[in-house]
Amino acid sequence: MNMERKRKVCMFKMVVSSSAKMSKSGGSGGATTKDNAVVSSVINPWTGMPYSQSYYEILEKRKTLPVWQQKDEFLKALKANQCIILVGETGSGKTTQIPQFVLESVNAETPDGKRMMIACTQPRRVAAMSVSRRVAEEMDVKIGEEVGYTIRFEDCSSTSKTLLKYLTDGMLLREAMADPLLERYKVIILDEAHERTLATDVLFGLLKKVLRNRPDLKLVVMSATLEAEKFQGYFSGAYCMKVPGRLHPVEILYSEEPEKNYVEATIRTVVQIHMFEGPGDVLVFLTGEEEIEDVCRKIDKEIAKLGDQSGPVKVLPLYSTLPPAVQQKIFEPVSSGRKIVVSTNIAETSLTIDGIVYVIDPGFSKQKVYSPRGCVESLLVSPISKASACQRAGRAGRTRPGKCFRLYTEKSFHNHLEAQTCPEILRSNLANTVLTLKKLGIDDLVHFDLMDPPAPETVMRALEVLYSLGALDDEGNLTKLGEIMSEFPLDPQMSKMLIFSPGFHCSNEILSICSMLSVPNCFLRPREARKAADEAKAKFGHMDGDHITLLNVYHTYKKNDEDPVWCCQNFVNEKALKAADNVRQQLAQIMARFNLKLCSTDFKSGDYYINIRKALLAGYFMQVAHLESNTGHYSTVKDNQVVHLHPSSCLDHKPEWIVYHEYVLTSRNFIRTVTNICGDWLAEIMIALEKSGKKLGYGGLTLKDRKQTT
DNA sequence: GAGCACTGC
């Protein structure tokens with residue numbers, strides 16, 4: 001078969017010439033030794049110790065990064081402007097170097113020794129950790145001292161020493177809740193701003209406000225190219241500068257005709273690359289676990305058919321729920337033949353694989369969409385954005401020139417793909433975000449200046465939820481309860497359930513359930529052992545429902561001393577349970593801060609499970625479904641939607657009333673993680689709510705109607 | 001009788 005794709009467009013320019021010149025003039029060899037002799041007496045101002053040999057070696061490499069060419073320009077701009085937008089492509093060195101430039105100049109500006117920090121945010125924990133380690137090394141200091149990082153569950157920084165702190169964007173938002181003017185920071189750098197995470201978007205709005213109240217604070221927004229103008233318009237008056245990247249050229253090849261079946265086209269392209277292209281590993285982007293496993297098997301089969309006429313291949317799947325040991329395999333070099341990694345979007349930003357020369361981009365990914373009407377979040381396979389397509393292509397040019405095969409036409413790239421992926425804030429349930437904003441003192445949500453304001457309906461829905469939970473009062477102000485709720489890293493319903501659980505004498509148990517609900521699904525179900533996995537899961541099952549099943553798993557895990565062998569034998573995801581244990585500790589600390597007692601009902605008491613189920617309802621009374629006797633289907637109490645029990649539920653019967661943790665829209669309207677409750681308990685809550693004057697918009701049902709059905 | 005893209009607090 002001929003290669004069908006003929007159109008070639010070179011997307012990336014080589015930007016190595018200037019840096020090559022740079023390292024030549026710096027002199028590698030003899031000159032370096034001479035330099036060292038001169039500067040070896042120089043003392044590291046941070047430690048008071050002479051610089052180590054490796055400091056100078058790294059310094060030479062740092063000086064070759066594109067961003068060093070513009071160090072002076074940046075420092076001048078920083079002095080003259082409150083807000084800078086820095087556009088830097090992959091490989092410019094902005095994430096490691098800019099914060100150090102800032103540190104050098106800001107320190108010079110404040111000789112009074114007043115300790116204020118520089119923050120640099122990252123969307124992901126791993127990045128915050130690994131970048132700060134690298135920077136500590138570059139500065140020849142110990143991580144956690146002058147340079148540190150803060151992520152959930154781990155604070156590797158020191159209040160007395162740390163000057164430069166890398167942290168997740170979500171973490172900075174948490175800090176802002178206690179310190180709304182972010183007074184401990186002198187400069188805040190928001191990195192990877194183009195990713196537009198929910199936390200980054202909220203920080204944008206918050207910092208725009210804070211900058212007006214703190215003329216001494218400076219903000220640096222760092223982003224990849226595409227949205228620079230939009231950012232400049234939002235941060236009006238910001239100084240904007242561009243730094244070139246350093247990526248090898250990537251040749252883009254498009255399909256001539258639209259592909260009917262992108263999975264088949266993918267397999268065909270892999271085979272073609274393997275037969276006709278030179279050496280180099282292949283990275284394939286697909287949408288999900290099942291599709292990936294399926295394609296991996298088919299590629300193996302097709303390449304086996306070729307027989308000896310082509311070299312060996314190693315086909316490896318990659319997605320987040322893969323056990324870490326299997327994930328690690330993608331980084332191992334293959335002794336002979338070609339490595340083919342078939343991955344989800346995880347390889348687009350979170351994981352970087354070296355040695356990739358060919359990228360196959362079918363143009364799809366699974367994306368979260370939110371519908372405020374039904375309060376549902378769902379995952380949909382959707383076309384990616386142009387920005388995302390460029391990011392994928394760039395993965396082929398990290399080590400040497402590469403090729404990217406787009407399995408769609410050039411016309412559809414230009415005409416059908418959106419420029420940017422829709423920001424997360426427009427695709428999410430905002431109940432928790434609105435609670436955070438209220439806690440940050442932003443009362444007027446309508447006039448809060450967000451880069452992309454969400455639909456009014458989404459904000460209204462969030463306010464409604466918070467109001468009915470008692471987090472907001474009639475005027476929309478945060479109540480005492482709302483304030484405590486905002487301190488928990490949980491959805492508002494879950495915070496409320498946890499805060500009310502001591503009143504039901506079961507806070508230990510609810511705490512464990514919250515933790516289990518906060519981590520990925522702990523039940524493993526490998527394709528080759530489905531039956532055994534289902535049997536193992538059934539042993540944890542409880543007749544009252546899935547929440548108590550989760551509690552059983554957690555208790556049994558602890559009873560077995562967190563034994564990895566036990567996890568494996570019972571098809572339980574050890575990583576998830578460890579995470580639940582971490583979450584539990586964190587939540588317990590927050591509870592202690594508010595004097596929320598940890599208590600349990602006597603296990604032998606008939607009320608043990610009843611109390612737990614009542615506590616569930618205290619938070620999730622808006623997520624109740626009723627079995628309709630005429631149809632045999634469940635319908636939601638709130639808006640009379642027909643819903644179906646998710647097949648993963650352990651319930652083997654259909655109780656009249658159930659509370660559900662989530663409503664997911666996939667092949668049908670499913671409710672997942674459900675527990676049997678009593679209609680009278682719901683009626684009691686409704687009466688109490690109505691007495692306090694709260695209207696819930698319960699689909700036109702009056703209280704009398706609801707009482708009649710109980 | 002299904003699915004869980006990916007992050008983050």
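Worth saying up front: this structure is predicted, and the values here are computed from it rather than measured. So you know, we letter chains A, B, ... as the sequences are listed, proteins then strands, and number each from 1.
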Rounded distance in Å - [atom1] ([X]) to [atom2] ([N]):
| X | N | atom1 | atom2 | answer |
| --- | --- | --- | --- | --- |
| A:Leu190 | B:dG8 | CG | P | 17 Å |
| A:Ile292 | B:dC6 | CD1 | P | 8 Å |
| A:Asp155 | B:dC9 | CG | P | 12 Å |
| A:Leu524 | B:dG3 | CG | C1' | 14 Å |
| A:Gln367 | B:dC6 | CD | P | 13 Å |
| A:Leu665 | B:dG3 | CG | P | 10 Å |
| A:Leu322 | B:dA5 | CG | P | 12 Å |
| A:Arg152 | B:dT7 | CZ | C1' | 12 Å |

(request) Could you check whether the rings of A:Tyr554 and A:Tyr557 sit parallel, tilted or perpendicular, using 30° and 60° as the cut-offs? (result) tilted
Among [options], the one nearest [X] by side-chain distance:
| X | options | answer |
| --- | --- | --- |
| A:Lys368 | B:dC9, B:dA5, B:dA2 | B:dA5 |
| A:Ser320 | B:dT7, B:dG3, B:dA2 | B:dT7 |
| A:Ile346 | B:dG1, B:dG3, B:dT7 | B:dT7 |
| A:Arg672 | B:dT7, B:dG3, B:dA2 | B:dG3 |
| A:Thr344 | B:dT7, B:dA5, B:dA2 | B:dA5 |
| A:Lys366 | B:dA5, B:dG3, B:dC9 | B:dA5 |

(request) Look at the side chain of A:Arg125 against the base of B:dG8 and say whether a donor-acceptor pair falls under 3.5 Å; ignore hydrogens and angles. (result) no
(request) With sequence neighbours left out, write down each residue that passes ring-ring contact (aromatic ring centres under 6.0 Å, His included) with A:Tyr620, or none if nothing qualifies. (result) A:His661
Under 4.0 Å between any heavy atoms, over every strand shown, what does [X] touch: base, sugar-phosphate, or nothing? Just pick one.
| X | answer |
| --- | --- |
| A:Arg196 | nothing |
| A:Thr168 | sugar-phosphate |
| A:Arg174 | base |
| A:Arg525 | base |
| A:Tyr319 | sugar-phosphate |
| A:Leu379 | base |
| A:Leu198 | nothing |

(request) Sort and list the pairs that fulfil salt bridge (charged side-chain N to carboxylate O under 4.0 Å, His left out) and have at least one residue in residues 416-430 of chain A, not counting sequence neighbours. (result) A:Lys368-A:Glu424
(message) Pick the closest DNA chain B nucleotide for A:Ser365 and for A:Gln586 by heavy atoms, then say which residue is nearer the 5' end.
(response) A:Ser365
(request) Would you kindly compare A:Asp169 and A:His646 by the position of their nearest DNA chain B nucleotide and give the one closer to the 5′ end? (result) A:His646
(message) Looking at A:Asp294 and A:Lys298, is there a salt bridge between them, counting it only when a charged N and a carboxylate O are closer than 4.0 Å?
(response) yes
(request) Using a strict cut-off of less than 4.0 Å between a Lys/Arg side-chain nitrogen and an Asp/Glu carboxylate oxygen, indicate whether A:Arg124 and A:Glu195 qualify as a salt bridge. (result) yes
(message) Under a 3.5 Å threshold, yes or no: a donor from one side chain and an acceptor from the other, between A:Gln586 and A:Arg152?
(response) yes
